[in-house]
Trainee: 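The following block contains the structure, expressed as structure tokens.
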Amino acid sequence: MWGTPAMREVNFHKFQQLLLPIWGARSTRSRYQVLTGMPELQSLDSRDVLTTVLALWSADVDAHDLSEQTFDRYRGLAQQYVNYTYTDGLTTLDAAVELYEQWLGAKGRDRSGRLSNPAISVRHLRSCAIRAVYATAATFAATTKMPRYEGRDGSDVRKQGRPLNECEVDRCRSIAATYKETRLASAVALGLCGAGTADIGNMNLSHIDLKDGSLVLPGSRKIAQRRVAIAGEWEHEVLTHRVTALQAAQTSSHAGFIVNRTGSDASRQAGAAIALTKILSVAGFDEDAGLKPSSFQRWAGVAVFDQSANVVEVARLLGSGSLDAAARSIDLDWRNGLTLSPVTNPLYRPRVLPW
């Protein structure tokens with residue numbers, strides 16, 4: 001047994017370093033071969049189950065249904081979770097759920113090597129990875145449980161959508177880069193800068209200033225107009241490519257940047273949503289009911305909160321007049337006294353700029 005919860009928090013980082021050697025080189029078997037090769041009498045020991053889960057994920061990578069990067073990140077988190085719960089005597093996935101909430105909030109090492117509380121984006125990524133473990137394990141009857149998504153209690157993820165996580169953002173950027181000659185990549189770039197579908201549908205060339213790296217997000221009847229930063233180098237590169245292409249075609253500065261502006265507000269917003277949905281689909285996220293066009297903007301909101309630890313900054317980025325609504329958009333229960341230290345990321349900094 002680990003002893004007190006405080007001891008568990010302090011020692012959690014050891015399990016980030018001393019993972020059980022339960023997985024080596026990736027398998028090249030198909031899902032069918034993995035499942036048919038399982039023994040008739042299956043072990044429910046969480047270590048054995050995880051070995052099979054990882055073999056299935058490896059098959060998904062080979063079938064191009066899962067990215068190598070997501071596999072690597074989810075594998076590490078899954079191993080940490082099993083180690084963490086196994087040490088406490090919880091040797092099946094059903095039993096391990098007891099420590100799920102504790103593990104989500106357990107301290108770990110930040111980029112500088114310091115022991116710290118996990119940022120909200122880290123908690124979301126941990127949650128997505130472990131829910132994926134349980135979902136995969138359920139396909140071969142190794143668990144009957146499904147941990148909750150890490151977010152604000154009562155939030156309707158299926159209806160409103162959740163933020164992308166770090167692995168999903170990277171995959172969407174990679175997919176979008178192959179669509180650079182179309183409007184799809186720029187729609188993703190705008191979303192990752194904090195633009196919602198209403199903003200994206202209403203934007204034109206005059207709203208983009210590449211020289212000072214800023215965007216004017218026009219908002220809508222319910223969303224305030226605001227001026228934001230082009231969040232990172234990837235976003236700047238993609239937007240520059242489209243601006244150059246539109247200027248070369250002698251497109252009017254008042255023509256739609258992503259969506260033709262001759263339609264109604266609703267049709268323009270729908271056009272923006274279709275563009276983002278296409279990227280989610282090509283990225284392989286069709287089956288995730290929690291991922292919506294709004295998930296791109298919500299990821300930007302998560303990044304702002306991680307870097308500012310201030311829900312007011314999230315509301316400003318999203319153009320929301322309600323702090324509660326801003327908190328819900330990033331699945332944060334901000335009234336529970338949560339205290340987090342800002343996390344800097346110089347490569348990706350969505351934020352509101354002064355006019």
Trainee: So does A326 get a backbone contact from the side chain of S329, meaning a donor-acceptor N/O pair under 3.5 Å?
Mentor: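 Yes, because the side chain of S329 sits within donor-acceptor range (under 3.5 Å) of the backbone of A326.
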Trainee: Please determine, by modelled atom types, if T85 and W103 share a side-chain donor-acceptor pair under 3.5 angstrom.
Mentor: no
Trainee: Test: salt bridge (Lys or Arg N to Asp or Glu O under 4.0 Å). Region: residues 210-220. Which pairs qualify, not counting sequence neighbours?
Mentor: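 Listed once each, the pairs are D212-R227.
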Trainee: Is M203 close to I258 at the side-chain level, that is, under 4.5 Å between some pair of heavy atoms?
Mentor: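 The answer is no; the side chains never approach within 4.5 Å.
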Trainee: Taking C-beta and beyond as the side chain, do R349 and Q307 meet within less than 4.5 Å on heavy atoms?
Mentor: yes
Trainee: On a heavy-atom basis, which atom in A272 and which in V259 lie closest, and how many Å separate them?
Mentor: N-CG2, 3.6 Å
Trainee: In sequence, state the C-alpha distance, the side-chain angles, and the governing distance for R29 and D62, and then conclude on salt bridge (Lys or Arg N to Asp or Glu O under 4.0 Å).
Mentor: CA-CA 8 Å; R29 295 180 293 169; D62 293 331; over 6 Å; no
Trainee: Run through the side-chain heavy atoms of Ile, Leu, Val, Met, Phe, Trp and Tyr, join any pair under 4.5 Å, and report what else lands in W355's cluster.
Mentor: V216
Trainee: Holding to side chain to side chain contact (heavy atoms under 4.5 Å, CB included), I want the full list of residues that pass it with S43, two or more places apart in sequence or in another chain.
Mentor: D45, D48
Trainee: Apply the test side-chain hydrogen bond (donor to acceptor under 3.5 Å, both in side chains) to residues N204 and S206: give CA-CA distance (whole Å), side-chain angles for both, the deciding distance (0.1 Å), then the verdict.
Mentor: CA-CA 6 Å; N204 58 47; S206 68; 2.4 Å; yes
Trainee: Do you know which two heavy atoms are closest between C193 and I230, and how far apart they sit?
Mentor: SG-CA, 3.8 Å
Trainee: Atom CG of L50 and atom CH2 of W57: how far apart are they, to the nearest 0.5 Å?
Mentor: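 The distance works out to 7.0 Å.
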Trainee: Checking side chain to side chain contact (heavy atoms under 4.5 Å, CB included) for the pair R162/L291: CA distance, chi angles, key distance, verdict?
Mentor: CA-CA 6 Å; R162 64 168 173 82; L291 291 181; 3.5 Å; yes
Trainee: Is it the case that the side chain of S308 and the backbone of V304 share a donor-acceptor pair, with hydrogens and angles ignored and the cut-off at 3.5 Å?
Mentor: yes
Trainee: Which pair of heavy atoms, one from V82 and one from S46, lies closest together, and at what distance?
Mentor: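 Scanning both residues, the minimum pair turns out to be CG1-OG, 3.7 Å.
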Trainee: Is there a path from L56 to V61 through hydrophobic residues (I, L, V, M, F, W, Y) whose side chains come within less than 4.5 Å of each other?
Mentor: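 Cluster IDs for L56 and V61 match.
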Trainee: With a cut-off of 6.0 Å (strictly less than), are more than 12 heavy atoms of other residues, nucleotides or ligands near NZ of K145?
Mentor: no
Trainee: Have E166 and H124 got a donor and an acceptor in their side chains that come within less than 3.5 Å?
Mentor: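 No, no side-chain donor-acceptor pair sits under 3.5 Å.
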Trainee: I'd like to know if the side chain of R298 and the backbone of G161 have a donor-acceptor N/O pair within less than 3.5 Å.
Mentor: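 Yes, because the side chain of R298 sits within donor-acceptor range (under 3.5 Å) of the backbone of G161.
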Trainee: May I have the step-by-step check of side chain to side chain contact (heavy atoms under 4.5 Å, CB included) for V282 and Y179, ending in yes or no?
Mentor: CA-CA 11 Å; V282 177; Y179 286 87; 3.5 Å; yes
Trainee: Going by heavy atoms in the side chains, are L317 and E313 under 4.5 Å from each other?
Mentor: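 Not in contact.
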Trainee: Side-chain donor-acceptor pair under 3.5 Å between Y84 and Q102, yes or no?
Mentor: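 A donor-acceptor contact under 3.5 Å links the two side chains.
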Trainee: Hey, any chance L77 and V49 share a hydrophobic cluster, counting ILVMFWY side chains that come within less than 4.5 Å of each other, even indirectly?
Mentor: yes
Trainee: So, using side chain to side chain contact (heavy atoms under 4.5 Å, CB included) as the criterion, who are the partners of V169 when residues are at least two apart?
Mentor: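 In terms of side chain to side chain contact (heavy atoms under 4.5 Å, CB included), with neighbours along the sequence ignored, V169 is linked to L164, R173, L192, W299.
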Trainee: Give, for atom CG of L99 and atom OG1 of T87, the distance between the pair rounded to the nearest 0.5 Å.
Mentor: 10.0 Å
Trainee: Looking at OG of S186 and CD of E181, how far apart are the two atoms once the value is rounded to the nearest 0.5 Å?
Mentor: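 So the OG of S186 and the CD of E181 are separated by 10.0 Å.
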Trainee: For I130 and A78, work out which heavy atoms get closest and say how close.
Mentor: CD1-CA, 3.9 Å
Trainee: Once you round to the nearest 0.5 Å, how far does NE2 of H241 lie from CG of L246?
Mentor: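 Rounded to the nearest 0.5 Å, the NE2-CG separation comes out at 10.0 Å.
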Trainee: Between E235 and G232 (side chain of the first, backbone of the second, donor and acceptor by atom type, cut-off under 3.5 Å), is there such a pair?
Mentor: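 Yes, because the side chain of E235 sits within donor-acceptor range (under 3.5 Å) of the backbone of G232.
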Trainee: Answer with yes or no whether the side chains of S214 and D209 bring together a donor and an acceptor at under 3.5 Å.
Mentor: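 Side-chain D/A pair, D209 to S214: absent.
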Trainee: Do Y74 and F140 share a hydrophobic cluster, counting only Ile, Leu, Val, Met, Phe, Trp and Tyr and linking them when any side-chain heavy atoms are less than 4.5 Å apart?
Mentor: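 Yes, same cluster.
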Trainee: Report yes if some heavy atom in the side chain of V228 is under 4.5 Å from a heavy atom in the side chain of R351; otherwise report no.
Mentor: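 Not in contact.
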Trainee: CG/L35 to OG1/T139 distance, rounded to the nearest 0.5 angstrom?
Mentor: 6.0 Å
Trainee: Between CG of L276 and OG of S295, what distance do you get to the nearest 0.5 Å?
Mentor: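 Answer for the CG-OG pair, L276 versus S295, is 9.5 Å.
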Trainee: Quick check on the hydrophobic clustering: are I120 and Y348 connected, directly or via other members, by side-chain heavy-atom contacts under 4.5 Å?
Mentor: yes
Trainee: N165 and S121: side-chain donor and acceptor closer than 3.5 Å?
Mentor: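 Per modelled atom types, N165 and S121 side chains form no pair under 3.5 Å.
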Trainee: Apply side chain to side chain contact (heavy atoms under 4.5 Å, CB included) to M146 and list each qualifying residue two or more places apart in sequence or on a separate chain.
Mentor: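 With sequence neighbours excluded, M146 shows a side chain to side chain contact (heavy atoms under 4.5 Å, CB included) to R131, Y134, A135, given in chain and number order.
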Trainee: Has T36 got a side-chain atom pairing as donor or acceptor with Y32's backbone, closer than 3.5 angstrom?
Mentor: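 Pair found, side chain donor or acceptor close to backbone of Y32.
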Trainee: Got S174 and Q69 here, is their nearest side-chain heavy-atom distance under 4.5 Å?
Mentor: no
Trainee: What closest approach, in Å, do S320 and A325 show between heavy atoms, and which atom pair accounts for it?
Mentor: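 Smallest interatomic distance, heavy atoms only, reads OG-CB, 3.8 Å.
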Trainee: Return yes if some donor-acceptor pair links the side-chain N/O of Y100 with the main-chain N/O of R148 below 3.5 Å, else return no.
Mentor: yes
Trainee: Are E168 and D288 side-chain neighbours, meaning at least one heavy-atom pair lies under 4.5 Å?
Mentor: yes
Trainee: Enumerate the residue pairs fulfilling salt bridge (Lys or Arg N to Asp or Glu O under 4.0 Å) with a member in residues 198-207, sequence neighbours excluded, ordered by first and then second residue.
Mentor: D199-R226
Trainee: Is there a path of hydrophobic side-chain contacts, each under 4.5 Å between heavy atoms, that joins L205 and L184?
Mentor: yes
Trainee: Run V133 and T143 through side chain to side chain contact (heavy atoms under 4.5 Å, CB included) and show every step you take.
Mentor: CA-CA 10 Å; V133 169; T143 184; over 6 Å; no
Trainee: Side chain of Q297, backbone of G194: donor and acceptor closer than 3.5 Å?
Mentor: yes
Trainee: With a 4.0 Å cut-off on N to O distance, would you call E237 and K180 a salt bridge?
Mentor: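 Salt bridge flag = yes for K180 with E237.
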Trainee: Locate the shortest heavy-atom distance separating A119 from V343; write the atom from each residue and the value.
Mentor: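 Closest heavy-atom pair between A119 and V343: CB-CG2, 4.1 Å.
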Trainee: Taking T244 for its side chain and T240 for its backbone only, find out whether a donor-acceptor pair lies under 3.5 Å.
Mentor: yes
Trainee: Does the structure place the NZ or CZ of R126 under 6.0 Å from the centre of the six-membered ring of Y81, at an angle of no more than 45° from the ring's axis?
Mentor: no
Trainee: Is any side-chain heavy atom of P342 closer than 4.5 Å to a side-chain heavy atom of D306?
Mentor: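 With C-beta onward as the side chain, the pair stays apart.
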Trainee: Take atom CD of Q42 as the centre, draw a 6.0 Å sphere, and report whether it contains more than 12 heavy atoms from other residues, nucleotides or ligands.
Mentor: yes
Trainee: Examine distances only and state if a side-chain atom of D265 and a backbone atom of S220 form a donor-acceptor pair shorter than 3.5 Å.
Mentor: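 Absent.
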Trainee: Report yes if the side chains of E233 and L347 come closer than 4.5 Å at any heavy-atom pair, otherwise no.
Mentor: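 No, too far: nothing below the 4.5 Å cut-off.
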Trainee: Yes or no on side chain to side chain contact (heavy atoms under 4.5 Å, CB included) for T251 and F257, after CA distance, side-chain angles and deciding distance?
Mentor: CA-CA 9 Å; T251 304; F257 187 66; over 6 Å; no
